[in-house]
Amino acid sequence: HPRTIHIYPLMPAETEPDSRCGIRCDADSPNECPWATDLLRYLVESGGYVHPQIVVRADRTVRIREAAAIIPRNTVLLTIPSSCCVTQDNCSKRFVSVVKEKTSELTMDTGDLLLAFHLATIADDSVLNRSPYARSFPPSTSYNSHPRRWSHSQQSSLLGGTSLLQKCREDAEALKRDYETVRACYIRRKAFGDTPSDSFPFPSYERFDDAFAAVSSRGFAGLGSDGSDAMVPLLDLLNHRRGTSTHSSTSNGKDVRYTYLPSKGSQSTSIEVVADRDLPAGTILHDTYGAKGNSQLLSRYGFCLETNWEPDGSCNDVVEFKVKVQQPYGDVSTTVKLRAGPKSYTYGGFVKALECFLFDDQEQDDGGDDEDGGMEAFLDEEEEEEGFGMMYGSMDEIEEDDDDDAQSTQAECTALEKLSASLETARQGYTLQGPALQNALTTNDCSPEHCAALLISSERRTLLLFKLAAVAIRRQLRGEEIDMGAYKGLDVDDTLVSQMEELVTAYGAIRHDGF
């Protein structure tokens with residue numbers, strides 16, 4: 001699952017190391033992958049280091065050479081000089097001054113905006129002296145997997161029902177607005193001679209949009225000299241993978257870890273990349289971008305994971321479940337975040353969602369009680385009949401408790417029924433459904449359709465888990481057996497059933513001293 005769509009064919013053959021600097025480009029000939037040869041040479045000639053068994057393929061993967069011996073854990077793989085990175089220190093003063101002046105009017109992260117303006121300038125085809133790093137960037141079409149770059153009709157047809165639909169549109173509008181704000185300020189300053197003179201033209205929005213996509217998908221937090229974000233050559237080619245970190249050669253987690261090294265003596269600052277586990281020959285190096293859900297991955301990096309699970313069984317995808325509750329003063333909307341996983345992940349969200357509907361029922365019941373006199377009349381009655389109450393109070397209390405328990409159970413069952421219905425409505429609220437969803441899942445590529453299908457399938461599965469839990473708890477409260485046949489026809493796997501049953505058991509133990 002790459003950060004960018006693969007646009008080059010996979011070249012299985014390896015060439016001999018480039019004799020000019022001892023680096024290796026893995027393609028039929030170095031000329032077919034000039035950007036990689038130039039980039040590696042640039043790093044080495046700038047004082048960096050590239051392990052002799054590291055190769056870069058034309059499909060933009062970084063690998064261990066096929067014939068290499070196992071590289072032990074903690075081996076230094078790369079040393080990338082900070083001078084080769086793109087940080088805020090590299091940004092033109094004209095952009096820094098303008099962005100600083102307009103910070104309060106900008107929506108997107110100002111650090112990302114600065115880097116994007118800088119990249120848009122050095123990557124411009126009209127600039128003859130493009131840096132080796134800029135030449136390593138893929139074509140702009142690579143970033144079309146970012147939802148904010150989709151057309152409105154494509155966004156609606158693929159993301160309808162997800163919270164990402166609104167976010168990607170807001171991001172697109174905010175980015176365009178920020179660009180125009182900076183551009184207007186720059187033009188005004190230039191007219192009065194307030195901007196530093198240089199030979200670079202102000203980048204077009206299309207070029208800036210591409211650069212911002214590169215920054216958002218390839219930037220690293222905290223690797224700049226001042227702790228700011230940085231664009232790091234070669235390291236940004238490593239793709240994302242989550243999994244266990246056992247440091248063994250069979251681990252399916254990240255392959256590397258990296259550290260910012262401050263200057264020491266004659267050595268300048270750099271980023272050191274070391275093996276986080278034993279690396280066999282042919283290993284494609286992976287990093288981890290953190291425990292991010294598919295909505296975040298698609299929005300920022302332009303891809304989704306088919307299996308986005310943590311080792312503890314929790315899913316990184318979080319569903320923003322919108323609940324609308326009717327109140328005497330009008331409808332109230334709230335959003336509850338639901339996440340599939342063990343009970344520690346599911347119980348809190350389930351209870352919060354359920355209480356929205358319990359609150360709805362209690363408000364209606366409380367209104368009726370107030371009309372009949374409520375608690376004040378009840379206390380007055382108790383004071384008048386104190387003696388009688390002391391003689392028979394214990395039996396009266398038991399009967400009242402039974403009545404209260406019955407009413408409470410009935411209200412709880414009603415709320416559970418409303419919750420399950422609302423969850424099913426949410427499951428059916430996605431625009432990508434049925435055969436279209438299944439066809440998009442089978443394409444198995446990085447197309448917008450496939451990514452959207454992975455996101456929606458995961459969200460629908462999470463909603464189903466909580467719906468089945470609500471149905472099961474309601475049946476338990478009514479003294480009925482859970483009908484396992486209800487799962488037939490649904491896309492239910494063993495993990496979902498296990499986590500649902502764990503949630504039901506936890507709910508019963510906490511709220512009802514066990515069913």
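Heavy-atom basis, side chains included; hydrogens, waters and symmetry copies ignored. What you are looking at is a predicted structure, and each value in this text was computed from that prediction instead of being measured.
- Side-chain contact between L305 and N316: absent, with no pair of heavy atoms (C-beta onward) separated by less than 4.5 Å.
- Every residue meeting the side chain to side chain contact (heavy atoms under 4.5 Å, CB included) condition with A172, not counting sequence neighbours, appears here in chain and number order: R148.
- Under the 30°/60° scheme for interplanar angles, the aromatic rings of Y133 and F137 are found to stand perpendicular.
- To the nearest 0.5 angstrom, D229 atom CG is 12.0 Å from C85 atom SG.
- In this structure, CG on L119 lies 11.5 Å from CZ on F212, to the nearest 0.5 angstrom.
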Item to check | Chi angles and distances behind the side chain to side chain contact (heavy atoms under 4.5 Å, CB included) call for R189, S97 | outcome: CA-CA 10 Å; R189 284 188 166 209; S97 59; 2.9 Å; yes
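- Side-chain atoms of R149 and Y143 form no donor-acceptor pair, as typed in the model, at a separation below 3.5 Å.
- Shortest non-hydrogen contact noted between V336 and G349 is CG1-O, 3.5 Å.
- For L455 against C304, the heavy-atom pair with the smallest separation is CB-SG, 4.4 Å.
- Residues meeting the ring-ring contact (aromatic ring centres under 6.0 Å, His included) test with Y347, sequence neighbours left out: none.
- No hydrogens or angles considered: nothing links the side chains of Q296 and Y289 as a donor-acceptor pair under 3.5 Å.
- The backbone N or O of P139 lies less than 3.5 Å from a partner atom in the side chain of S142, making a donor-acceptor pair.
- Remark: F117 pairs with F95, F202, F208 by the ring-ring contact (aromatic ring centres under 6.0 Å, His included) rule, at least two apart or across chains.
- With hydrogens and angles disregarded, a donor-acceptor distance shorter than 3.5 Å links the side chain of S217 to the backbone of A213.
- Checking each of T288, D287, D255 against R241 for a side-chain hydrogen bond (donor to acceptor under 3.5 Å, both in side chains) leaves exactly one that passes, namely D255.
- Counting heavy atoms from C-beta outward, L237 and R218 have side chains that approach closer than 4.5 Å.
- In Q154, the CD atom is crowded: over 12 heavy atoms of neighbouring residues, nucleotides or ligands sit closer than 6.0 Å.
- We find that D210 and R207 are not joined by a salt bridge, their nearest charged nitrogen and carboxylate oxygen being 4.0 Å or further apart.
- Counting only distance, with no hydrogens or angles, the side chain of W150 and the backbone of N144 share a donor-acceptor pair below 3.5 Å.
- The backbone N or O of N294 lies less than 3.5 Å from a partner atom in the side chain of D317, making a donor-acceptor pair.
- Remark: side-chain polar atoms of T283 are paired, donor with acceptor, to backbone N or O of P280 under 3.5 angstrom.
- Ring orientation note: the planes of F303 and H240 are tilted relative to one another, at an angle of 30° to 60°.
- Here the side chain of Y42 pairs no donor or acceptor atom with the backbone of P132 at under 3.5 angstrom.
- Counting only heavy atoms from C-beta outward, the side chains of I71 and H51 approach each other to under 4.5 Å.
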Next on the checklist: Let's go through N308 and L454 carefully: what are the C-alpha distance in whole Å and the side-chain angles of both, what is the deciding distance for side chain to side chain contact (heavy atoms under 4.5 Å, CB included) to 0.1 Å, and is it a yes or a no?
Outcome noted: CA-CA 10 Å; N308 195 7; L454 290 176; over 6 Å; no
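- Listed by chain and residue number, E180 satisfy the salt bridge (charged side-chain N to carboxylate O under 4.0 Å, His left out) test with K176 (two or more places apart in sequence, or in another chain).
- In this structure, R277 contributes its side chain and R73 its backbone to no donor-acceptor pair below 3.5 Å.
- Remark: V96 engages C91, L114 in a side chain to side chain contact (heavy atoms under 4.5 Å, CB included) (not counting sequence neighbours).
- Taking E105 as the reference, K102 meet the salt bridge (charged side-chain N to carboxylate O under 4.0 Å, His left out) condition, with sequence neighbours excluded.
- Considering CZ of R242 and NZ of K292, their distance stands at 8.5 Å, rounded to 0.5 Å.
- With hydrogens and angles disregarded, no donor-acceptor distance shorter than 3.5 Å links the side chain of S46 to the backbone of L43.
- Of the candidates Q438, R460, R427, R460 is the only one forming a side-chain hydrogen bond (donor to acceptor under 3.5 Å, both in side chains) with Q433.
- At a threshold of 4.5 Å between non-hydrogen side-chain atoms, the residues S263 and T269 count as touching.
- Here the options are L78, T79, N74, the test is side chain to side chain contact (heavy atoms under 4.5 Å, CB included), and the partner is V76; only T79 passes.
- For the pair G47 and P81, the tightest heavy-atom approach, listed with the atom from each and the gap, is C-CG, 3.9 Å.
- Between the CG atom in L159 and the OG atom in S299 there is a gap of 10.0 Å [rounded to 0.5 Å].
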Next on the checklist: One pair to check against side chain to side chain contact (heavy atoms under 4.5 Å, CB included): Q155 and H152. What are the steps and the verdict?
Outcome noted: CA-CA 5 Å; Q155 290 170 349; H152 266 236; 3.9 Å; yes
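- Between the CG atom in L175 and the CG atom in L113 there is a gap of 7.0 Å [rounded to 0.5 Å].
- Side-chain contact between S314 and Q499 is absent, with no heavy atoms from C-beta onward closer than 4.5 Å.
- A donor-acceptor contact shorter than 3.5 Å is absent between the side chain of H286 and the backbone of K254.
- Taking every heavy atom of both residues into account, D178 and M108 meet most closely at OD2-N, 2.8 Å.
- Within the 4.5 Å cutoff, the side chain of I64 has heavy atoms near those of the L285 side chain.
- Heavy atoms only, all atoms of each residue included: A230 and G224 are closest at CB-N, 3.8 Å.
- Between F220 and Y258, the ring center distance clears the sub-6.0 Å criterion.
- Taking the side chain as every heavy atom from C-beta outward, R461 and S458 never approach each other to under 4.5 Å.
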Checklist entry - Which is it for R188 and E101 under the salt bridge (Lys or Arg N to Asp or Glu O under 4.0 Å) test, yes or no, and what are the steps along the way? => result CA-CA 12 Å; R188 176 181 58 79; E101 177 184 337; 2.7 Å; yes
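- For the atom pair SG (C451) and NE2 (H146), the distance works out to 10.0 Å, reported to the nearest 0.5 Å.
- Looking at R257, its side chain never comes within 3.5 Å of a backbone N or O of V274 through a donor-acceptor pair.
- In summary, of the residues considered (P233, C84, S82), a side chain to side chain contact (heavy atoms under 4.5 Å, CB included) with I271 occurs for S82 alone.
- The shortest non-hydrogen separation linking T87 to N90 is N-OD1, 2.7 Å.
- Counting heavy atoms from C-beta outward, R94 and T121 have side chains that approach closer than 4.5 Å.
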Item to check | Derivation of the side chain to side chain contact (heavy atoms under 4.5 Å, CB included) call for K352 and F321 | outcome: CA-CA 11 Å; K352 185 175 181 181; F321 175 53; over 6 Å; no
